[in-house]
Number of protein chains: 2
Amino acid sequence: MATIKDVANLAGVSAGTVSIILNGKASERKISIETQEKVMAAVKELDYRPNISARKLRSQDVSNNPTIALYWASDVRVNLMARFLRGLQNATSQLGRNFDIVICPYKNDFLHLENGLKHRNIYNAAIIANTSVSDMEYLESITPEIPVVLFNRFSDKYCAVHVDNYKMGVESALLFSKMGHKDAAIMLAKSAYLAMDIRNRGFVETCKNNGIEILPENIIISDNTIEGGVEAAKKFINLDNPPKALFCNSDTIALGALHVFNKEGIKVPEDVEIIAVGMSSVENTEFSNPPLTVVNIPMEEMATSCIKIISGLIDHNVENSTSILFDTPLIIRDSCGAIRPKSAQ
Amino acid sequence: MATIKDVANLAGVSAGTVSIILNGKASERKISIETQEKVMAAVKELDYRPNISARKLRSQDVSNNPTIALYWASDVRVNLMARFLRGLQNATSQLGRNFDIVICPYKNDFLHLENGLKHRNIYNAAIIANTSVSDMEYLESITPEIPVVLFNRFSDKYCAVHVDNYKMGVESALLFSKMGHKDAAIMLAKSAYLAMDIRNRGFVETCKNNGIEILPENIIISDNTIEGGVEAAKKFINLDNPPKALFCNSDTIALGALHVFNKEGIKVPEDVEIIAVGMSSVENTEFSNPPLTVVNIPMEEMATSCIKIISGLIDHNVENSTSILFDTPLIIRDSCGAIRPKSAQ
DNA sequence: CTGAAAGCGCTTACAG
DNA sequence: CTGAAAGCGCTTACAG
C-alpha cells in the first residue's frame, strides 16, 4: 500500500505538499497548478489511499466512537437483523453513548476465518450471533483479543444474552396438550443452529410425555423462508392424515404455510392449529390471517441488553461472564388457544 | 481522554511497560505482579481506553477495509434496510473486496448534525438514504469531505442510485384505468419524504388525466407500518362510497389493509383492487392473501450498485456525479390486473 | 510557493 | 525485570 511519502517521491515534492493538495487546500496555500497535477498523477499511478488511522491519530478533533463488530451469519434472514438493529438503536439512546456498529457477515462454520476477534486493533468489541455448533466449539477453544458478547447462545466462558430454547418447545407442546391434541406435525427450518434443535427437542419430548404422537412423516423440513413455508404446507396438505396441530420452528415458515392454507380453504384454527416461534417482528404475526400464536423471542430487548453489556465490558465495570436469560412469552392469538367468539366456533 | 503515558505516569512506570501488560504479555516478559497491579489500578482510575487508531498505525499486520457509513433515517422501517444490506453483501462478494459498513442512524431533517460527512477521517465514504427535503437542501449546500452516493434520491451534484418515482405513480394509475376504474382511493404514509410525494403526484395527476376521480375523503394518511395499514383500512371501510381501486404508497400499509379486508370479508380483487409500492421484500407481497400487485423498487440491485459506485469513487475511477436510474417493474399479481380463472370471476 | 520537522498514541526490538 | 527510543503515516505550524 502506497504511502504519502511514495506519492511525494514520485511527484518530486515533499509529503507536506501532497497532504495540502489532497486536503483541498491547494489554492489556499497557493500551490502551483503544475505541482498539483504532478501530485494527482502520482496519486492515481500509485492508487494511493490515505491511511485513516494515521489521519485520525494526527487530527484529534473528532470524537472517536467505540467500534463494535456485529457478526451475523450471512445465510440468516436479514430481516431478523432488523429487529436486532432496532434494539441497538434503543440502547445507544438509553446509554447516551454512541457506537459504530459494523456489520460483519460470516459464513456459518467459518467464524474462525474472521480476523476481527483475533486482533485488538480492528474492533473494540464484538457481538456474535447465530453461531453454529462448530462455531461455538471454535469460540470455546480461543481467547478473543476483544470483549465478546454472545447473542442467543450460552457459554460459561463468555458474556451471553439468551433464551431458554428448550422451554420454548415445551410450552408450545403444553399448549397443544391443553387444547386436547393427540398428534402433531412440525415444520423445521433446516439449519445448523443448535438453538433450533434444542427447541425441537423440547417440543418433541414434551409431546411424547403428554401423549401427543408425532409420526416421522409429520416432520417436515424446509428453508427458513416464506417460500419454504409454502413448500412445507403443500407437503403437509398431502399427508394421509394431517394432524390438527402444527408447530413451526420459525414464524417465517408459518407465514408461508398460512398463505397456502388460506388459498386451499384450510381453516386456521378450525382445521389446524398453529404455534410458531416468534423470530421476526411481532407486527408480522400480529396481522397475519389469522394472527399467529407465537412463543416470542424478544430480539429488541436482547439486543439492547447486548449493547449495555458491551458498554460495561469496554469500561471494565461488568463481569467477564455476565449472562442474561430472557423470558419468551407465549402470545396467544387466533391460530391456537384463543377463546373464540361463539359465531366462529 | 487518558493516554498510555498518563497511565504510565500515574503508575510510576514507562509507557512500554504499560503496553506490555495491557497486551497480556506480562508473564511472558516477566513483569512483576506488583507492577501489574499498579498499572491495572491506574488504568481503572483513569478509565483508560487504548486509542485504536494509534494501535492500527503502529501494528500494520491487519488488512484495513475501507469504512463506509450508511446513513439511514432512524424512523424508516428497519426491515427496508434488510433488503438494502442483502444488496450490499452481494456487492462485496462480486467485487471481491471487503468493506466495513457502519450503520449511522440519523434523524430526518437533522442530517446536518452528523459529523461523518464533515470530516475526512471518520469514514472513507458514505451512502445516504431516506433524506428529507431539508436534508437534501443541506446536502446541496455543502461539499462533503468524503465521497458520497445518494440512495433513492437524485442530485446533479452527487452520485446517485435512484428510480423514477413519478413514473411509479403513473403506471399504477394507468393499470387502474385499464381495469376500467372511474374512482380510486389512496393510502399514504405520512412522511417527510420527497420520493413518496412525487409518487403520489404521479398517481393523482395520471388519474385525473384518465378520468379517474379521487375524492379528498378518499385520501387516507397513515403510519408506514402494518398497524398503520390496519387503521387506514378501517377508515376506508367506513367511507360512504369506498372506491373499488386502492393505491398504497407502501406495501407495508397494504399488508395491514389486507389483514382488515380478509377479516371483514371484503374480497380482493373482487370488492377492491389494490396496487402497492413494493418497498419491502418481494417475498412479503408474493405470499400475502391474495398476493399483491406491486410497482417494485429493486432495493437489492440498487444497493449493489451503490457499493460499486462507492468502490469506484474510492479508487478514483468513477465520475463524480455518476447516476444510475433503475427500472421499477410492475409485478402483476392477484390483487389487481391478473387474469383470473373463470371460477373466481 | 514549498520543505523540514514535530508530534498524535501506540508497540516493539534493543539495551541494561 | 524495566526503560529509552524509534517509527507507523499522517497534518500543520513554522521557516524561508
Side-chain angles (χ1 to χ4, degrees), chain A residues 1-40 42-43 46-64 66-67 119-122 124 145-146, chain B residues 1-40 42-43 46-64 66-67 119-122 124 145-146:
Chain A
M1 189 73 176
T3 70
I4 201 169
K5 247 183 154 174
D6 298 326
V7 175
N9 285 145
L10 183 60
V13 297
S14 74
T17 303
V18 175
S19 174
I20 287 162
I21 294 171
L22 254 31
N23 287 333
K25 296 181 182 163
S27 54
E28 175 187 331
R29 295 289 300 274
K30 314 218 183 209
I31 305 286
S32 72
I33 301 285
E34 195 191 0
T35 304
Q36 291 184 44
E37 281 170 352
K38 271 192 303 184
V39 167
M40 292 317 289
V43 164
L46 295 174
D47 191 22
Y48 169 73
R49 267 164 278 155
N51 180 320
I52 287 242
S53 299
R55 268 199 186 150
K56 276 192 185 163
L57 183 57
R58 172 58 222 229
S59 29
Q60 326 238 249
D61 47 358
V62 172
S63 78
N64 209 344
T67 304
H119 295 272
R120 321 185 62 232
N121 30 18
I122 307 186
N124 295 82
E145 294 289 324
I146 54 175
Chain B
M1 190 72 174
T3 71
I4 202 169
K5 244 181 156 175
D6 299 326
V7 174
N9 285 144
L10 183 60
V13 298
S14 73
T17 304
V18 175
S19 175
I20 287 162
I21 293 171
L22 254 30
N23 287 332
K25 295 182 183 163
S27 54
E28 176 188 328
R29 294 289 299 275
K30 313 220 185 208
I31 306 286
S32 73
I33 300 285
E34 195 192 358
T35 303
Q36 291 185 44
E37 281 170 353
K38 272 191 304 185
V39 167
M40 291 317 288
V43 164
L46 296 173
D47 191 23
Y48 168 73
R49 266 163 278 155
N51 180 319
I52 287 242
S53 299
R55 267 198 186 149
K56 276 192 185 161
L57 183 57
R58 172 57 223 228
S59 28
Q60 326 237 248
D61 45 358
V62 171
S63 77
N64 211 345
T67 304
H119 295 273
R120 321 186 62 235
N121 31 17
I122 307 186
N124 296 82
E145 294 289 323
I146 54 175

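Order of the sequence lines sets the chain letters (A, B, ...), proteins ahead of strands, with each chain counted from 1.
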For this session: Quick one: label A:S32 by what it contacts on the DNA or RNA (base, sugar-phosphate, nothing), any heavy atom closer than 4.0 Å.
Result: sugar-phosphate

For this session: Grab the two heavy atoms, one from A:L22 and one from A:Y48, that are nearest each other, plus how far apart they are.
Result: CD2-CE2, 3.3 Å

For this session: Write down the atom of B:Q36, the atom of B:I31, and the distance for their closest heavy-atom approach.
Result: NE2-O, 3.1 Å

Seminar exercise, completed: 5'-most contact on DNA chain C (nearest-nucleotide basis), B:I4 vs A:R58, goes to A:R58

Seminar exercise, completed: Base-paired stretches in DNA chain C with three or more consecutive Watson-Crick or G-U pairs, both distances under 3.5 Å, amount to C:1-3 with D:14-16, C:5-12 with D:5-12, C:14-16 with D:1-3

Seminar exercise, completed: Its 5'-most and 3'-most nucleotides having an atom under 4.0 Å from a non-hydrogen atom of chain A, DNA chain C is contacted over C:dC1 to C:dG9

Exercise. Do you know which two heavy atoms are closest between A:V7 and A:V39, and how far apart they sit?
Worked result: CG1-O, 4.1 Å

For this session: Over all heavy atoms of both residues, which pair between A:L57 and B:A54 is shortest? Give the atoms and the distance, please.
Result: CD1-CB, 3.8 Å

For this session: Hey, could you give me the OG/CD1 distance between B:S14 and B:I4, rounded to the nearest 0.5 Å?
Result: 9.0 Å

For this session: Name the nucleic acid region contacted by A:T3, choosing base, sugar-phosphate or nothing; use a 4.0 angstrom heavy-atom cut-off, strictly under.
Result: sugar-phosphate

Exercise. Rounded to the nearest 0.5 Å, how far apart are NZ of B:K38 and OG1 of B:T17?
Worked result: 9.5 Å

Problem set entry | Comparing B:Y48 and B:R29 on DNA chain C - which has the more 5′ nearest nucleotide | B:Y48

Exercise. How many angstroms lie between OG1 in B:T67 and CD1 in B:I122, if you round to the nearest 0.5 Å?
Worked result: 11.0 Å

For this session: Could you walk me through whether A:R49 and A:V43 pass side-chain contact (heavy atoms from CB on, under 4.5 Å), step by step?
Result: CA-CA 8 Å; A:R49 267 164 278 155; A:V43 164; over 6 Å; no

